[in-house]
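Step one of this worksheet: look at the structure below.
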Amino acid sequence: MFNTIYILWLRQIKRYWRSKSRIIGSLGQPVLFLVALGFGFAPMYEASGQGNFIQFLAPGIIAMSIIFTAMFSGMEVLWDKQFGFLKETLVAPVSRFNIMLGRTLGGASVAIFQGLLVLFISSFFGFSLPTLSGFFLALAFMFLIALFFTTLGTIIASLLEDMQGFQLIMSFLVMPIFFLSGALFPLEGINSTLYSFIKINPLTYGVDGLRLGLTSQASFSLGLDLLVLIVLTLVSLVAGAKIFSKIKT
Amino acid sequence: MSEKKTEKSKYMVEVSNLSKRFKKFIAVDEINFKIKAGEVFAFLGPNGAGKSTTIKMLTTLLKPDKGEIFLNGFSVLKNKSEVRKSFGIVFQDPSLDSELSAYENMYFHAVLYKIPKKERQLKIKNLLEMVDLWDKKEQIVKKFSGGMKRRLEIARGLLHRPKILFLDEPTLGLDPQTRQHIWQYIMNLNKSEGLTIFFSTHYLDEVEKIANTVAIIDKGKIIEQGSVEEIKTRQASQSLEEAFIKLTGNNLRNNEKAETFSRFRQTLRKS
């Protein structure tokens, strides 16, 4: 059982590591956000007396690169469907749950690595690195965010027929999740309709926990952040196992 | 608990009253056939006749609506895991991970099929040598030609020592040299180890050369079964191709789904 999970995990890591253009390409967007928003909004933010904007923004950008990578990794199931490899795993005498778990953990590991890269890069933009205990707390949240969104990506990919729906998912699910999560702006005093969207967004709690670990600032309590993410991750894994086991080739 | 049938059956595959429909379209309609262990069985039919649907049901990828399938004595519906260990398959479309090397693709398969760690390397080496790919083992599959990919898939399908090998149009789009080699590997294994072969193809000359038994499916029903000679005699035909046309008619098949699918597949192959 562990062998199955391990080999599927390893496959995701190898595929990621071998596509250097993908690693570098996916760093472009976070760097651009750090430059444009970080430097662009800093004067305004700091003038309103809220402190250093890069300290506020960097955890949000780290979360962004994690959910983008995680969703993309999960949706790689579609690639495997299209290029036939999925069938090779589905006729093997192993449980579908282990197949899903292995590839999801692989995708999540890749997403965490990407998040760590962005954390490292943001230190060049003046982000002061956290304490060791803060770092481990942030790492725990990176893991939860990565695992939840990779599973979500896997679920969506299992339900879609081909890659045509991919853009739709990016525009109407991933982008709103990112923009309405408190990753880019503080939640205090925000429009109440918008706030109700933000409150039901899982990433809101991920960003909040990440920010707590990295900068000791937060809008919610650590307990709430953890509870929401752990419950959602477990629910998504159970649902993912069910849906993935019914996947059609 | 394995639910192996009590009487040790001499049949590798037993299919009875197998049916599958997609909405209104009846893809497979109450088909019956048996394949003896060690036999080379050719499964023929025009595009969209129900070949791939049948193969998917035989290999646990698709659940039948009705009927029973026993493979190597195990029920395909009730005992999936034993069934999956019993067969190897080369799919119609490529099913390799093109970002991994030939060796890594083989190793991945070895782990999924629980081949003990100590045996993995030797088994992979033997099979890659058999298909003349051992010296290319470190190469990423993306760089392989169509023929090399096919040979690798055959080696992979044999890695866990299946009792039966399914080949769905294994020689489609390959040059005559590669086709000849591929059949040679397969026939050698059939002779030396008694491996049962189930294959589909549109190259009927291949069938005449190697198949013991032939079944022809059209519109979801099996319309003819027997040895090549029997079929030719019954249809009063000089060749299997002539018999095939007599049985299935001269008209082109316009099963839309199958057609677009196979065109899409061709494009993928070429790229």
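All chains are named by letter (A, B, ...) in the order of the sequence lines, taking the proteins before the strands, and each is independently numbered beginning at 1.
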Given that the side chain runs from C-beta out, which part of [X] has a heavy atom under 4.5 Å from chain A: side chain, backbone, both or neither?
X        : answer
B:Ser86  : neither
B:Leu61  : side chain
B:His109 : both
B:Lys80  : neither
B:Leu112 : both
B:Lys63  : neither

B:Phe91-A:Phe85 aromatic ring centre distance below 6.0 Å =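 B:Phe91 vs A:Phe85: aromatic centres not under 6.0 Å.
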Using the test salt bridge (Lys or Arg N to Asp or Glu O under 4.0 Å), find all partners of A:Lys81 that sit at least two apart in sequence or belong to another chain.
->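 For A:Lys81 there are no salt bridge (Lys or Arg N to Asp or Glu O under 4.0 Å) partners, ignoring immediate neighbours.
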Please report the C-alpha distance between A:Asn3 and B:Lys117 in whole Å, then the side-chain angles of each, then the deciding distance to 0.1 Å, and finally whether the side chain to side chain contact (heavy atoms under 4.5 Å, CB included) criterion is met.
-> CA-CA 10 Å; A:Asn3 279 340; B:Lys117 204 167 187 170; over 6 Å; no
Looking at A:Lys14 and B:Glu104, does any basic side-chain N land under 4.0 Å from a carboxylate oxygen?
->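 Yes, A:Lys14 and B:Glu104 are salt-bridged.
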Do A:Lys87 and B:Ile89 come within less than 4.5 Å of each other through their side chains, counting heavy atoms only?
->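 The answer is no; the side chains never approach within 4.5 Å.
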Show the numbers, then the answer: is there a side chain to side chain contact (heavy atoms under 4.5 Å, CB included) between A:Val94 and B:Tyr113?
-> CA-CA 8 Å; A:Val94 291; B:Tyr113 283 79; over 6 Å; no
Under 4.5 Å heavy-atom distance to chain B, tell me which part of A:Thr89 shows up: side chain, backbone, both or neither.
->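 When you check distances to chain B, atoms from both the backbone and side chain of A:Thr89 fall under 4.5 Å.
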Reported CZ-to-CG distance for the pair B:Phe108 and A:Leu8, which is rounded to 0.5 angstrom |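 The CG atom of A:Leu8 is 4.0 Å from CZ of B:Phe108, to the nearest 0.5 Å.
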Applying salt bridge (Lys or Arg N to Asp or Glu O under 4.0 Å), run through B:Arg84 and A:Glu88 and close with a yes or a no.
-> CA-CA 11 Å; B:Arg84 284 172 178 162; A:Glu88 154 75 359; over 6 Å; no
